[in-house]
Amino acid sequence: MRIFPLFFILLLFFHKTPAQNKMNTFVANLMSKMTVDEKIGQLNLVTPGGAVTGSVVSTDVDNKIRNGQVGGLFGITGPDKIRQAQDIAVKNSRLKIPLIFGLDVIHGHRTIFPIPLGLSCSWDTAMIRKSAEIAASEATADGLNWVFSPMVDIARDPRWGRIAEGSGEDPFLGSQIAKVMVQGYQGKDFSGNKNALACVKHFALYGAAEGGRDYNTTDMSRISMHEYFLPPYKAAIDAGVGSVMSSFNEVDGVPATANKYLLTDVLRKQWGFKGLVVSDYTSVSEMIAHGIGDLQRVSAEALKAGLDMDMVSEGFLNTLKKSLREGKVTRAQIDSACKKVLEAKYKLGLFDDPYKYCSTERFNNEIFTEENRKAAREFATHSFVLLKNQNNVLPLKTSGTVAVIGPLADSKFNMLGTWSVSGDHSKSVTVLEGMKNAGAANILFAKGANLTDDTALAKRVNAFNKQVDIDSRSPDEMLKEALDIASKSDVVVAVVGEGADMTGEASSMSNISLQPSQQRLLQELVKTGKPVVMVLFNGRPMTIPWEDKNVNAILSVWFPGTEGGNAIADVLFGKYNPSGKLTTSFPINTGQIPAHYNRKNTGRPFDGNVNAAKFKSNYLDVSNDPLYPFGYGLSYTKFNYGDIKLSKTSLKGNETLTATVTLTNSGSFDGEEVMQLYITDPVATVTRSLKDLKGFKKVALKAGESREVSFKITPDLLKFFNSNLKYDWESGEFFIHIGTNSRDLKSAKINWVK
Ligand code: NOJ
């Protein structure tokens, strides 16, 4: 009686599907023929050029492929080029093991979608899944089979340039997005040739860099790590992501790339990850500068910690054999890493057909299609966030004259945003073009100002291409032209903000306001008395309190991608009613950072009453609250929330609570509203956030329409990491909040016991 259940449990545990058995046999058989050098060769990921994000570029790549010293390539595209490289591997290397081909496919591939931070503001997981699916389809038509995405680093500091690449500050939303992106890239399986292996990155905590300075140290408690930063990576693992990229930063004093706690204890043991772990670009050799040792030592440490593949450092290639001889690593550790690389190739079907992703026909017909551009336009409209709309200045009238003014109004180079390595800037639609295409009003244009007049900054931003174009005319001449056309117009659309490479990797900024050149332009435009609509290009939340007070409307469009100009015109002229909501808080000034919504009460909470503020947790010179909170975003219509109706107020154990509110569109436009559910756990054995997002629904309502919307709440949503890092919930009172953003909420109290 006792033995039988145990037997079945063991059987279930060790049971492998026939497909897994087949893969295991295939890989074991292949590995039995491999020399140690060939095994180590599989762990080497190199780039012959292209997307270079460090000082090293791999050399002598063809020969290395021939000698079995390369497992994969990244940074090249096109079925012909990829076929050539694959030819060397499968025709000229001893064991004919195919290469895997990766690239940074971050927000679209050739057709570029809004930057991920923008996409996240749609809160539309079906749409985001679709965006990943299209990106994978274009990437695989371009010869690739491995995408270095999704980037799921939680970021609370907008000074960090790479905040643009992720989904913002919240772990719940970040997890939902991580999951659908993996599903979109990888599909159900790799039986066809339109899905690619996804790579969740950067594991882990890269977004928590001190001071927002890229590559900087991170340091936090294990509770914070598990509660706020790790969930999106885990969600990607649970969704079946095939690979993980380790991050540049250190965690607990050990660089993530050699961090056993992260790569083995959490990733493999706690989360059960079975796929491939690759380093970031030279993050193995960068551990020399971190102070962990020489190349041999850091490579051995990385392998032992659980890293399988070394991107560009060639530390594995050049030192692991020596370490094996000296007993510093084991054959089993090398074998285990090699197995992961071979399994990834096997799953992609590369052993059956190494040219599976090299279809010239697909390359000619399935990239940058009309359909994909249409999707890019739709995705962009859904990503914009309306931050202000005084006196309903938007949508614009479809008659009269509009002055489109600003350094970003007609700048193809600045439409796509960071990490759009395969995008073609010349094909992107600018705001001016989009406004003209709309054919709705008479459009005048002036540049008005430079993106910045700071030549040193311009030079740094222009490292790859000319995004900041300092005009040959003087700032005064440009301003005069702008004021002239403003005076002839009914409304001014001021297109201002950041250049595309002012965010992204290695683009941290200590000052996240508009550049002085643009501030001056805006101030002068406001003085004309014409209504001013500010269209803000931004890869991060920016500090814009003056603009918030003085311009009439603000639409944040992030970096909107290939079809950005058309999408902006769609929203400005009211063809699409904006529905985006912020996924990161906009601080009032940089001193307020971090300004994330899920902060804690402290022992001396400040309730906003400045007359009783002494010895309370606050600043003397600025409020604790951000300018625009997490979840915030306006619509052309107005949504009203009724009070929360609860199915019960006292619950026990695993019961389910239903919380319902009536949402009414009381304005005159049809629209969509992202309804948000937050929970507060006011008393627990460890301190909890003021509130945590635990659900959301995007609801479309016609003007005048009302609908009852319900959220199901289970005890799972009450769970948190306690001091023993146990994920569980505790009995007590809870507050349920439902509303339009993290600040403006209806609330109700419940009691829930175990
Ligand atoms: C460095 C970046 O951190 C990472 O996100 C990217 O995937 C690699 N470079 C490869 O380009």
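Whatever order the structure lists them in is the order used to number ligands and atoms, beginning at 1.
- By heavy-atom distance, the residue among Asp214, Asp104, Val421, Val312 lying nearest atom 11 (O) of ligand 1 is Asp104.
- Both the sub-6.0 Å distance and the 45° axial angle are satisfied by Lys427 relative to the ring of Phe368.
- Looking at Glu165 next to ligand 1, no N or O pair under 3.5 Å apart turns up.
- Heavy-atom contacts of Lys201 reach the following atoms of ligand 1: 4 (C), 5 (O), 6 (C), 7 (O) (cutoff under 4.0 Å).
- Using bins of under 30°, 30° to 60° and over 60° for the plane-to-plane angle, the ring pair Trp160/Tyr206 lands in the perpendicular bin.
- Residue nearest to atom 5 (O) of ligand 1, selected from Met245, Glu505, His202: His202 (by heavy-atom distance).
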Set out, in order, the CA-CA distance, both residues' side-chain angles and the distance that settles side-chain contact (heavy atoms from CB on, under 4.5 Å) for Asn193 and Asn145, then state yes or no. CA-CA 8 Å; Asn193 59 2; Asn145 41 46; over 6 Å; no
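- Atom numbering of ligand 1 starts at 1 in the shown order; those under 4.0 Å from a heavy atom of Phe74 are 10 (C), 11 (O).
- Atom numbering of ligand 1 starts at 1 in the shown order; those under 4.0 Å from a heavy atom of Tyr281 are 1 (C), 9 (N).
- Under a 4.0 angstrom heavy-atom cut-off, Met151 registers as lying outside contact with ligand 1.
- The side-chain tip of Arg222 points at the ring of Tyr261 from less than 6.0 angstrom away and within 45° of straight on.
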May I have the step-by-step check of side chain to side chain donor-acceptor pair (under 3.5 Å) for Arg83 and Tyr355, ending in yes or no? CA-CA 7 Å; Arg83 183 178 283 273; Tyr355 306 103; 5.6 Å; no
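- Contacts with ligand 1 closer than 4.0 Å are made by side-chain heavy atoms of Trp419 only, the backbone lying farther away.
- What you find for Ala178 and Ala235 is that their closest heavy atoms are CB-CB, 4.4 Å.
- In this structure, Phe248 and His202 have parallel ring planes: the angle between them is below the 30° cut-off, well short of the 60° mark.
- Which parts of ligand 1 touch Asp280 is read off a 4.0 Å heavy-atom cut-off, strictly below it: atoms 1 (C), 2 (C), 3 (O), 4 (C), 6 (C), 8 (C), 9 (N).
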